[in-house]
Amino acid sequence: MARYRTAGQEQAQRPRSDFRVAERPGYLLHKAAMLLDEDVEKHLVAGVAMRSRYFLLLATMASGPELSQKDLSQLLNLDPTTVVTVIDEMERNQHVERKRNPADRRRYQLHVTPAGRKALAAAEKVATEVESSFFGTLTDSERETLRDMLSRVMAGRWPASVCERSL
């Protein structure tokens with residue numbers, strides 16, 4: 001599934017020693033994220049006819065907290081107009097409902113519908129398969145370590161809307 005590998009063959013190539021940018025963790029993280037996103041996008045479109053940003057928005061909305069369109073834009077680093085466009089598409093597909101916020105009639109609350117949860121489950125299966133393949137050279141323990149390290153890097157960098165409220 002990964003772009004620079006052939007099926008059943010481990011990636012043995014390494015960048016040249018004079019390709020210094022490949023020593024930078026930020027570059028490696030960025031490059032890996034871009035390649036993973038491309039793989040997920042390709043397989044989501046082929047498998048469940050869903051773009052990755054649609055999937056990420058749906059998964060984020062279904063994850064629990066009441067998020068505004070502004071929150072979604074910040075969390076996924078998407079332009080607010082893109083978020084509105086995708087949510088409009090989700091509403092047409094009956095995956096999401098917009099309901100007036102009773103506390104602020106100018107705002108809407110976004111709710112994932114049962115059809116949206118069913119579509120999300122199918123998309124999550126595809127994304128999980130792609131991620132398993134992408135990270136296939138890592139052991140389960142190494143994947144957990146990577147998750148832990150990234151969680152530490154992200155500590156204090158999440159929008160308040162998805163953080164635990166301290167008492």
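Applying the side chain to side chain contact (heavy atoms under 4.5 Å, CB included) test between S52 and each of L57, L44, V45 identifies L44 as the sole match. Evaluated for a side chain to side chain contact (heavy atoms under 4.5 Å, CB included) with P159, the options D71, L75, L72 yield exactly one hit, L75. Looking at K99, Q69, E91 one by one, the single match for side chain to side chain contact (heavy atoms under 4.5 Å, CB included) with L110 turns out to be Q69.
Shown here is R24, whose CZ atom has no more than 12 heavy atoms of other residues, nucleotides or ligands within 6.0 Å. Heavy-atom contacts from other residues, nucleotides or ligands closer than 6.0 Å to CD of Q94 number 12 or fewer. A 6.0 Å sphere centred on CG of D148 holds more than 12 heavy atoms belonging to other residues, nucleotides or ligands.
For the pair L35/F134, a side-chain contact is recorded, criterion being any heavy-atom separation below 4.5 Å from C-beta on. Two residues are said to be in side-chain contact when any heavy atoms from C-beta on lie closer than 4.5 Å; K70 and P80 fail this criterion. When side chains are defined from C-beta on, R107 does not count as touching P102, because their heavy atoms never get closer than 4.5 Å. You'll find the side chain of M90 reaches within 4.5 Å of the side chain of M61, heavy atoms only. Using a 4.5 Å heavy-atom cutoff, the side chains of K31 and L28 are not in contact.
Listed by first and then second residue, the salt bridge (charged side-chain N to carboxylate O under 4.0 Å, His left out) pairs involving residues 113-126 amount to none (not counting sequence neighbours). The list of salt bridge (charged side-chain N to carboxylate O under 4.0 Å, His left out) pairs with a residue in residues 46-62, not counting sequence neighbours, reads E41-R51.
Within the model, atoms CG of L146 and OG of S141 stand 11.0 Å from one another, a figure rounded to the nearest 0.5 Å. Separation of atoms OG (S68) and CD (Q74) is listed at 7.5 Å; rounding is to 0.5 Å. Going from atom CD of E144 over to atom CG of L138 covers 12.0 Å, rounded to the nearest 0.5 Å. Here CG of L36 is found 5.5 Å from CD of E131. Values are rounded to the nearest 0.5 Å.
Under the 4.5 Å side-chain heavy-atom criterion for ILVMFWY residues, no single connected hydrophobic cluster contains both V153 and Y27. Hydrophobic clustering (ILVMFWY, side-chain heavy atoms < 4.5 Å, transitive): L56 and V84 are in distinct clusters. M34 and F135 are not part of a single hydrophobic cluster, where members link through side-chain heavy atoms under 4.5 Å apart. Follow the hydrophobic side-chain contacts under 4.5 Å out from L29 and you never reach F19; the two are in separate clusters. Tracing side-chain contacts under 4.5 Å through hydrophobic residues (I, L, V, M, F, W, Y), one reaches L58 starting from V126; they form part of the same cluster.
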Walk me through it: do V162 and L67 pass the test side-chain contact (heavy atoms from CB on, under 4.5 Å)? CA-CA 8 Å; V162 296; L67 299 171; 3.9 Å; yes

CA sep, side-chain torsions, deciding dist, call: R98, D88, salt bridge (Lys or Arg N to Asp or Glu O under 4.0 Å): CA-CA 9 Å; R98 283 183 175 111; D88 288 345; 2.8 Å; yes

Quick one, R92 with E89, criterion salt bridge (Lys or Arg N to Asp or Glu O under 4.0 Å). Give me CA distance, side-chain angles, the key distance, then yes/no. CA-CA 5 Å; R92 284 191 303 275; E89 179 183 353; 5.2 Å; no

Full working for side-chain contact (heavy atoms from CB on, under 4.5 Å) between Y54 and N93: CA-CA 11 Å; Y54 189 113; N93 292 339; 3.0 Å; yes

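Counting all heavy atoms, side chain and backbone alike, S17 lies closest to E23 at O-OE2, 4.2 Å. Shortest non-hydrogen contact noted between R143 and S132 is NH2-O, 3.3 Å. Nearest heavy-atom pair, A123 versus M50, reported as atom, atom and distance to 0.1 Å: CB-SD, 3.7 Å.
Judged purely by atom type and a 3.5 angstrom limit, H30 has no side-chain atom pairing as donor or acceptor with the backbone of G26.
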